[in-house]
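Basis for what follows: all heavy atoms, side chains included, without hydrogens, waters or symmetry-related copies. Letters go in sequence order (proteins before strands), and every chain restarts at 1.
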There are 2 protein chains.
Amino acid sequence: MLQADQLKPLFDVFNLIQPLSFQVTEALKPLCQLRYFKKHEEIQAIGATCKTVYFVFSGAARIFYLKDGHEVTEYFAFENDLIIRAESLFTGNPSKKAIQALENSNVVAISSEALFRLFDQYPDLEKLFNKLVQRSYVETLKRLENLQFLTAEERYRKLLTDHPEIIQKIPLKYIASYLGITQVSLSRIRSSLR
Amino acid sequence: MLQADQLKPLFDVFNLIQPLSFQVTEALKPLCQLRYFKKHEEIQAIGATCKTVYFVFSGAARIFYLKDGHEVTEYFAFENDLIIRAESLFTGNPSKKAIQALENSNVVAISSEALFRLFDQYPDLEKLFNKLVQRSYVETLKRLENLQFLTAEERYRKLLTDHPEIIQKIPLKYIASYLGITQVSLSRIRSSLR
DNA sequence: AGATTCCTTTTACATATGTTAAAAAAATCA
DNA sequence: TGATTTTTTTAACATATGTAAAAGGAATCT
């Protein structure tokens, strides 16, 4: 069971995005399940329909899918980051993507159905959720631009400056597919920068 | 000035996504400005902050930006499609992207500030807007996946099956940058498929 | 600690895509 | 219609990235 205020760091982040009243906060807390996953453990499997909204409480996670038998990483999430598989959550279709812990991680899991049921009663909660979605959307647009017209080396350099924590904490084989290139190619790029 | 029910086709689409009451519909109508743009005309310029939500009423439009002096097309919009530059609308930052008519087009323009002001009074209107954003987000995720791990030829084939209207109506030079390749490369791919 | 597995780099070669320039084809305009 | 401009294709060559296999290095497990 959750201890009082254990969730405070996450709720502090929420409040920066959308100020929440005491009532909203109290209504949301019971929906938050703190779950522990070991490094490499699967948080959600491929084929499951996304009915849970996750936040990384501590640790790190990724979303990936299989393409021709090998894994393609689509997204990395760190502390306080939202994890949803939007293409499933918003359509009700099963997701072809999995969520996996990259380190021993604590994750806050919220049932999307229970969350959405609170929206009519607490409009600010709906606004918070939608602002989080908007932020994810904007981030995805930026990644799209990068993939559309930067070279592999430019994308790697950009990741290095924009998200150094990814380079530091994540195995290169995951970063390669995230950048849309092979591991060999990434290795080549790295050695050319030395 | 708008004639009664001129907007009906667009509102029919809205109702499929989120049923709107008579009151909501009547509140939204006065915000809808029907504007005409000639082929190639600029709907919004680079550098402007996005404070308008557009829908294509008839015709077609695109979002593009400049990269090293040449245009990169990010998005095509056809009848009833939403056009927003999310990275500006949701952040308040000036957009580096322009919106341009690709044919003689009628466009419904809605002030985002006026629209957002209606949200507290009409929650279903907020829900409609957020569902439209969610759909755009999901579409963007699909494009990201394609750019991340399909070859140029696979991306072209996919566009051919998923959005034949783009191939039919849009100049190839715009399609090339949309696919993340040069015009020469696209031409080569097309001839190899013949 | 040693053995095993996993991750990263390197090499050699193949292929896809980019670049520049020119020709061909199509669209636009007076 | 004919002239002009724009778009698309083709050619030749350069470069980036992919593929497969092997070696080296690091992490993990008992």
request  = Identify which one of B:F55, B:Y54, B:F90 satisfies the side-chain contact (heavy atoms from CB on, under 4.5 Å) criterion when paired with B:I84.
outcome  = B:F90
request  = To the nearest 0.5 angstrom, please state how far the CD atom of B:Q134 sits from the CG atom of A:L89.
outcome  = 7.5 Å
message = Closest-nucleotide mapping onto DNA chain C: is B:I181 or A:S187 further toward the 5' terminus? I mean the 5' end.
response = A:S187
query = Is the B:Y178-B:F64 ring centre distance short of 6.0 angstrom?
reply = no
request  = Examine D:dT10: is either OP1 or OP2 under 4.0 Å from a nitrogen or oxygen in the side chain of B:S191? Give yes or no.
outcome  = yes
ask   = Atom CD of B:E103 to atom P of C:dA27: distance rounded to whole Å?
value = 14 Å
message = Rounded to whole Å, how long is the line connecting atom NZ of A:K173 with atom P of C:dT10?
response = 19 Å
task = Taking the six-membered ring of A:Y75 (Phe, Tyr or Trp), confirm whether the NZ or CZ of A:R62 is under 6.0 Å from its centre and within 45° of its axis.
result = no
Per-nucleotide protein contact string for nucleotides 21-30 of chain D (B base, S sugar-phosphate only, - none; heavy atom under 4.0 Å) = -------S--
Closest-nucleotide ordering on DNA chain C, the 5'-leading residue of A:R188 and B:A152 = A:R188
inquiry  = Students often get this wrong, so: under 4.0 angstrom with heavy atoms, is A:T182 touching a base, only sugar-phosphate, or nothing?
reply    = base
query = For the pair made of CD1 in A:I175 and C1' in C:dT9, what is the distance, rounded to whole Å?
reply = 15 Å
ask   = Would you call the rings of B:Y137 and A:Y137 parallel, tilted or perpendicular if under 30° counts as parallel and over 60° as perpendicular?
value = tilted
